[in-house]
Amino acid sequence: MFASLNRNVRQYMLVTFNYWNFTVTDGALRMLVVLYFHDLGYSTLEIASLFLFYEFFGVVTNLVGGWLGARLGLNKTMNLGLAMQILALGMLTVPDVWLTIPWVMAAQALSGIAKDLNKMSAKSSIKTLVPDEKQGALYKWVAILTGSKNALKGVGFFVGGLLLTTVGFKYAMVLMASVLSLVLIGSLIGLDSGMGKAKSKPKFKQIFSKSPSINILSAARMFLFGARDVWFVVALPIYLGSVFGWEHLWVGGFLACWVIAYGFVQGFAPKITGKSEGKVPDGKAALFWAGLLALVTGVIAYGVQIQWQPELVIVGGLMIFGAIFAVNSSLHSYLIVSYAKGDGVSLDVGFYYMANAMGRLIGTILSGWIFQVAGFAACLWVSFAFLAITTLISVRLPKRKSQAVTQ
């Protein structure tokens, strides 16, 4: 049955399968590191520092990885990402006495490179599989890939909490590395060798985008993801455990449900933003949804600051935040693929996700530091400020007249 499918559909399915499996391990690893090292007595700032290289090398990887993808082909960058994640997981199977901050940071650096190689390859490959005139289909395929990825990252959070509770940290690493090894073998066999390779070899200086639209969207993306991670990555799971007394499995399970729901909304973003009415989104849509997210975040921050039913405000507010953030993220993911040039698409996509990784880096470090010195409400107020900046930047995104969706 698989062999009878259209070639582009088969390649899309293989790329998505690779991305799904990688994403589960990425989410599980994040949850395992946060909870395990908190149990070992690490402070929130020290835990945030464990992800410093993960996020920093994500910035570098997206910038250089887009150039590599255009020169070598997206199949090679995707497979390289899978191999590096297997190596990173293997580094964390050592005895506890070896799990020093520098060692874990080095493993996280490999994981950060692996994750962004994999993501850049997956997102860029869609542009090569969908004709330029079929913008509706492009939006739908990007939304499905992005939404399913985030839903499975939520599954990874749950898997991380479950594995830590049942088999422990070391055996969790072994199990995940074994699964990815099988995925890598299938990927080496199945992916087309020429996917995403530019017709002319791009020069290294071309890694920086010259497109005003992509530069503006990248800046908006940086503050958007900084706004999420400044309270979600380190501060929230530790706050739920230390203040509300939630067990590891409950923390992992709740964050898993949140990210799964977030991914589900992303998958339906085209319908939410008007595709069923014959429209594809533009800068005006991105501006509206960024402003709405800033407003919601300000309300949540105020509720936590005055301590009005904080557990209800955080849990309920996080659900609303997640739904609106999901639409923002899906809109951005479509716009970057739409703005990107068809030949050597990974150059533009890589530059954009470099800004995404920079936002995560800033948010992660601030999450640990601000939570430690000023508390959870302060993290939320910084998130609100970042979203206000995202909204202001989005004013400059290109607007276009409503156009019919081509399937």
Open item on the list: Taking Leu89's backbone N and O only, do any of them form a donor-acceptor pair with Thr93's side chain (distance below 3.5 Å, no angle check)?
Closed with: no
With sequence neighbours left out, write down each residue that passes side-chain hydrogen bond (donor to acceptor under 3.5 Å, both in side chains) with [X], or none if nothing qualifies.
X      : answer
Gln85  : Thr25, Ser111
Gln305 : Trp381
Asn79  : Ser187
Gln309 : none

TODO: Just say parallel, tilted or perpendicular for the rings of Tyr239 and Phe376, cut-offs at 30° and 60°.
DONE: parallel
For [X], give me all partners under side chain to side chain contact (heavy atoms under 4.5 Å, CB included), at least two apart in sequence or on another chain.
X      : value
Leu175 : Leu163
Ile320 : Val296, Ile324
Leu110 : Met84, Leu87, Ala88, Met91

Task: Atom pair CG (Leu117) and CG (Leu82), whose distance is rounded to the nearest 0.5 Å - done: 10.0 Å
Open item on the list: Test: salt bridge (charged side-chain N to carboxylate O under 4.0 Å, His left out). Region: residues 289-298. Which pairs qualify, not counting sequence neighbours?
Closed with: none
Open item on the list: Applying ring pair (Phe, Tyr, Trp, His ring centres under 6.0 Å), can you list everything that pairs with Phe157, at least two apart in sequence or on another chain?
Closed with: none
Open item on the list: So, using ring pair (Phe, Tyr, Trp, His ring centres under 6.0 Å) as the criterion, who are the partners of Tyr36 when residues are at least two apart?
Closed with: Phe169
Task: Inter- and intrachain pairs under side chain to side chain donor-acceptor pair (under 3.5 Å), touching residues 159-181, at least two apart - done: none
Task: Aromatic centroids of Phe325 and Phe225 separated by under 6.0 Å - done: yes
Open item on the list: Can you confirm whether or not the ring centre of Trp231 sits under 6.0 Å from the ring centre of Phe321?
Closed with: yes
TODO: Apply side-chain hydrogen bond (donor to acceptor under 3.5 Å, both in side chains) to the pair Trp103 and Gln108, showing each step before the final yes or no.
DONE: CA-CA 9 Å; Trp103 182 263; Gln108 287 292 300; over 6 Å; no
Listing, residues 362-374 side-chain donor-acceptor contacts under 3.5 Å, not counting sequence neighbours, or none:
{"from": "Thr364", "atom 1": "OG1", "to": "Arg360", "atom 2": "O", "distance (Å)": "2.8"}
{"from": "Ser367", "atom 1": "OG", "to": "Val230", "atom 2": "O", "distance (Å)": "3.2"}
{"from": "Ser367", "atom 1": "OG", "to": "Val234", "atom 2": "N", "distance (Å)": "3.4"}
{"from": "Ser367", "atom 1": "OG", "to": "Ala235", "atom 2": "N", "distance (Å)": "3.0"}
{"from": "Gln372", "atom 1": "OE1", "to": "Thr44", "atom 2": "OG1", "distance (Å)": "3.4"}
{"from": "Gln372", "atom 1": "OE1", "to": "Leu45", "atom 2": "N", "distance (Å)": "3.2"}

